[in-house]
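By convention in this document, chain letters (A, B, ...) are assigned in the order of the sequence lines, proteins followed by strands, and residues within each chain are numbered from 1.
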Amino acid sequence: MRELTDLCLNKAQKAGCAYADIRIIKRERQEISLKSGNVEAISVSDDLGFGVRVLKNGAWGFASSRIISPQKIEEITSKAVEIAEASARVKDKDVELAPVEPVVAKIQANCQIDPFTVPLEEKLQFLARVDDRLRSVKGVAVSKAFLTFFKEFKVFASTDGSFIEQEKIESGGGMEAIAVGEGDFQIRSFPNSMGGNTAAYGYEFIPRLKLEENAERIAQEAVALLKAKPCPSGEMDIILDSSQLALQIHESCGHPTELDRVLGTEASYAGTSFMTPDLLGKLQYGSKYVNIYADATAPGGLGSFAYDDEGAPAQCVDLVKEGLFVGYLTSRETAHALGIPNSACMRADGWGRMPIIRMTNISLKPGDATLEEIIADTKKGLYLITNRSWSIDDKRLNFQFGTEMAYEIKNGKLGAIVKNATYTGMTPQFWNSCDAVANKDYWTLWGLTNCGKGQPSQVMHVGHGASPARFRKVQVGVMK
Amino acid sequence: MMTKEQVLEILKTVLEASDGEQTEAVLVSENEELTRFANSVIHQNTMQEDASLIVRVIKDKKIGIASSNILSKEEVVKTVKHASKIASLSPRNQEFISLPAGKPLPQIDGFVEKTARTTPEERAEAVRKLVEMAKPHGIKASGAFSTSVLRLGVANTLGVQAFYQTTVASFSTVLLSPTSAGYADRESRNVSDINAEEIAEEAIKRTVDGRNPRQTEVKEMEAILLPYAVSEMFDYLAYMGLGATSFQEGRSFMSEARGKKVVSEKITLYDDGLDIRGFPLPFDFEGQPKKKVYFFEEGIARDVVYDSFTAFKEGKESTGHALPQPNSIGPLPLNLVLKPGNATLEEMIKSTKDGVLITRFWYVRPVHPKLTVITGMTRDGTFKIENGKIVYPLCNMRFTTSILETLAGTELVGKELKLEKGFFGGNLVPALKVKSFRFTGQTTF
């Protein structure tokens with residue numbers, strides 16, 4: 001492998017590049033899905049290729065191919081150089097990078113049971129049991145149970161002298177129950193919507209999802225939602241469950257602290273950010289209960305790694321400390337531009353994409369209370385569970401979320417369930433209204449596998465940890 | 001980039017190597033080059049050459065799928081064996097009837113040599129022109145200019161043998177002044193149709209006119225949706241309710257609406273994968289010919305699109321709208337066409353008493369798919385209209401609205417169709433003027 005990476009890096013240097021890196025990546029996926037008693041999909045996929053990034057004449061060029069051979073590596077390196085030369089035709093200053101220590105390392109996956117060695121029959125039998133339990137509940141129109149597994153082996157080498165081999169394994173699963181009525185359908189997902197939950201562990205993670213144990217309850221909730229009353233409209237206190245709060249963190253803190261967005265380089269697609277450099281250390285982003293950090297070292301986190309795609313070591317940094325905005329997610333280029341330490345967040349979606357700043361594991365530190373204490377302390381409100389829809393403006397201020405289910409809270413007690421629950425607000429006002437965060441016993445690290453960003457589009461796996469939290473006087477019930 | 005001969009050779013290898021009762025091979029080969037700019041400089045500039053083979057093997061209603069981008073003959077055979085092994089281990093899918101048989105396919109020439117041969121220098125030059133035009137206005141330019149080549153081959157053991165190649169050129173920009181943003185894009189199979197100056201002029205005007213936006217009362221108002229917004233709205237309608245899977249499961253509004261008038265008689269919406277004005281695709285990912293499917297005819301709900309799996313369940317033929325396997329979405333229309341009317345944008349503005357002109361949407365998501373309720377923000381050019389005139393630029397607004405209710409209030413349909421890239425293919429849509437659009441919030445910029 002080293003011969004191939006050296007071939008690329010030597011060619012780039014001979015072509016006059018100030019910097020070059022190459023990533024060779026092999027990926028393997030397995031998806032198994034049962035739907036209403038039938039196999040919806042059993043599929044495996046293999047993906048192999050390499051990408052070359054060069055800095056020449058002060059500008060970036062990137063080229064990639066699925067074919068790995070010495071001849072192709074030379075050809076693609078030359079193409080990357082040609083592209084960088086074209087980039088340099090429209091620049092105002094040379095790209096400069098924060099320094100990184102060269103490293104030679106080999107990192108193995110954090111995995112007890114390689115999910116690709118577990119027999120397909122065992123996985124199918126497990127899903128059949130889950131699906132059977134979902135379908136055992138009268139009124140369920142569509143049931144679904146699924147498992148996904150992912151393995152990646154990545155080699156990174158750069159002209160800085162780094163040569164890093166990293167392996168990663170991810171396992172995930174979930175289930176859904178859909179109830180259909182006249183003019184309506186309602187869905188319940190577990191343990192989360194949008195793919196259940198996934199972690200950077202082996203097959204040992206699957207039993208921890210407790211799908212069988214929760215299947216009947218989830219199915220019953222879907223059926224009950226059909227007849228539930230709609231979400232009330234107005235201003236009230238809300239408690240978000242851990243998974244919904246994870247997405248709230250993702251959209252309203254994770255994305256706006258990406259320094260590439262802040263500096264305008266995502267303006268054409270994902271947008272910019274209201275968390276501008278002049279507000280760093282000054283903006284009271286949230287209340288004193290709000291402590292949000294980016295931790296690329298969290299065990300099992302989908303945003304965890306040993307080294308990012310620039311060869312920089314994983315970091316754990318504060319983004320919001322006691323409500324104060326204190327940090328960014330950065331790359332070598334953006335950290336240099338702002339003169340701050342690099343928090344090492346550059347990742348690419350596979351070999352065919354250029355690395356961009358991505359969230360690692362962006363989490364809210366737990367508080368002191370129990371969830372039961374927070375509910376008991378809430379006079380009138382909603383307890384919102386499991387995300388159903390999400391939307392936020394392109395500076396990450398005005399947001400609106402919907403959840404699959406909510407409980408009314410009256411005089412400190414959970415009441416009836418309501419359907420089509422939505423809430424909306426503006427990011428700083430919302431986080432400043434946070435006055436209680438549940439303790440570490442309620443804290444869950446969620447894996448999100450569908451974070452989109454970049455042109456061409458890149459989908460990234462990221463992590464978010466949270467325990468339920470309460471927010472005062474929030475607008476709910478936006479849907480007519 | 002793989003040649004046609006290489007694509008067909010791999011498909012042949014798959015069918016010969018399989019021990020399944022039925023076997024299908026799909027090969028997608030794509031080269032994409034994309035030049036991205038922001039803050040008026042090119043900051044990301046990429047090229048990818050890739051190809052992916054998807055093999056579906058059927059044995060006694062048991063289905064196995066394997067895919068790979070490693071395409072040596074030995075690896076292709078390995079992928080076939082992998083799919084075959086999965087099929088052997090899989091339980092029967094009692095709802096599966098058969099892969100579709102081969103049918104005569106329409107011939108379309110979607111390939112433009114000039115697009116395929118576009119160089120990084122040519123894309124950089126187009127970006128430079130746009131950046132230079134924006135500079136005197138104090139505007140920072142961002143955007144992306146991509147050119148790509150796609151080759152698709154599909155074959156199965158029931159006689160399907162299909163090949164198509166096409167090119168796509170796409171140039172979009174978001175221009176930023178200190179207080180405003182303006183969007184414009186152009187899409188075509190032919191890169192010669194992409195005119196950087198024209199795109200710059202449109203986006204610069206929007207950015208300049210949008211300076212110092214104000215807030216307005218949040219309420220239901222009249223709205224003019226430019227084609228950028230209309231295309232995205234229909235993409236979400238298609239995703240939520242115009243495919244047979246959601247229809248058969250009772251999750252689509254179509255499940256109860258067929259034959260009923262559900263939107264204005266001014267709305268006629270159909271899918272036409274053969275329309276040469278768009279990004280045509282003569283067959284789907286099962287090699288079935290694209291049929292023209294009407295969703296709304298003068299406001300009356302008509303039909304949904306099918307792949308072979310959903311069609312055979314109803315004893316029908318596929319309409320040619322299968323997506324690559326496996327997928328949980330089911331069949332999807334990729335080439336929507338909204339029949340144009342005869343209104344100009346000026347007439348739409350003149351007819352508006354109290355409303356909003358929306359250039360495009362941002363972060364649209366379904367809130368209630370069956371009721372076709374979506375939420376999202378306006379972006380890159382939102383303007384208040386009063387008494388027939390644009391009176392001032394607006395801060396971006398949030399909407400939470402039912403698409404069907406919005407379309408029921410269609411007052412005017414634009415006379416010009418614009419091609420917009422959709423989820424995969426491309427839509428041909430005009431601007432729309434609607435009586436009521438439900439705004440539910442507003443941001444500060």
Contact part of [X] toward chain B, heavy-atom cut-off under 4.5 Å: side chain, backbone, both or neither?
X	result
A:Val478	both
A:Met479	both
A:Tyr269	both
A:Ile178	side chain
A:Leu34	neither
A:Lys72	side chain
A:Glu333	neither
A:Asp393	both
A:Lys93	neither
A:Gln455	both

Got a sec, which residues hit ring-ring contact (aromatic ring centres under 6.0 Å, His included) with A:Phe126, two or more places apart in sequence or on another chain?
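Partners of A:Phe126 under the ring-ring contact (aromatic ring centres under 6.0 Å, His included) test: none.
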So that I can tick it off, tell me whether B:Glu49 and A:Lys79 are bridged by a salt bridge, with the cut-off set at under 4.0 angstrom between side-chain N and carboxylate O.
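The answer is no: the pair does not qualify as a salt bridge.
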Any ion pair linking A:Arg396 and A:Glu251 (charged N to carboxylate O, less than 4.0 Å)?
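A salt bridge links A:Glu251 with A:Arg396.
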Does any heavy atom of chain A fall under 4.5 Å from the side chain of B:Thr35, the backbone, both, or neither of them?
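No part of B:Thr35 comes within 4.5 Å of chain A.
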Select one option (side chain, backbone, both, neither) describing which atoms of B:Gln325 are under 4.5 Å from chain A's heavy atoms.
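Neither part; nothing is under 4.5 Å.
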Interface residues of residues 80-89 of chain B facing chain A - heavy atom cut-off under 4.5 Å:
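Interface residues of residues 80-89 of chain B: B:His82, B:Ile86, B:Leu89.
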What option among [options] has the most heavy-atom pairs under 4.5 Å with chain A?
options	answer
B:Asn396, B:Leu71, B:Ile374	B:Leu71
B:Arg56, B:Gln442, B:Glu132, B:Glu122	B:Gln442
B:Arg92, B:Met377, B:Lys370	B:Lys370

Can the ring centroids of B:Phe361 and B:Phe399 be said to lie less than 6.0 angstrom from one another?
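Yes, ring centres under 6.0 Å apart.
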Contacts of residues 41-54 of chain A with chain B (heavy atom under 4.5 Å)
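Heavy-atom contacts from residues 41-54 of chain A to chain B are A:Ala41, A:Ile42, A:Ser43, A:Val44, A:Ser45, A:Asp46, A:Asp47, A:Leu48.
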Results of side-chain contact (heavy atoms from CB on, under 4.5 Å) for B:Lys219 - residues two or more places apart only:
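Scan of B:Lys219 (side-chain contact (heavy atoms from CB on, under 4.5 Å), adjacent residues dropped) gives B:Glu217, B:Met221, B:Asp354.
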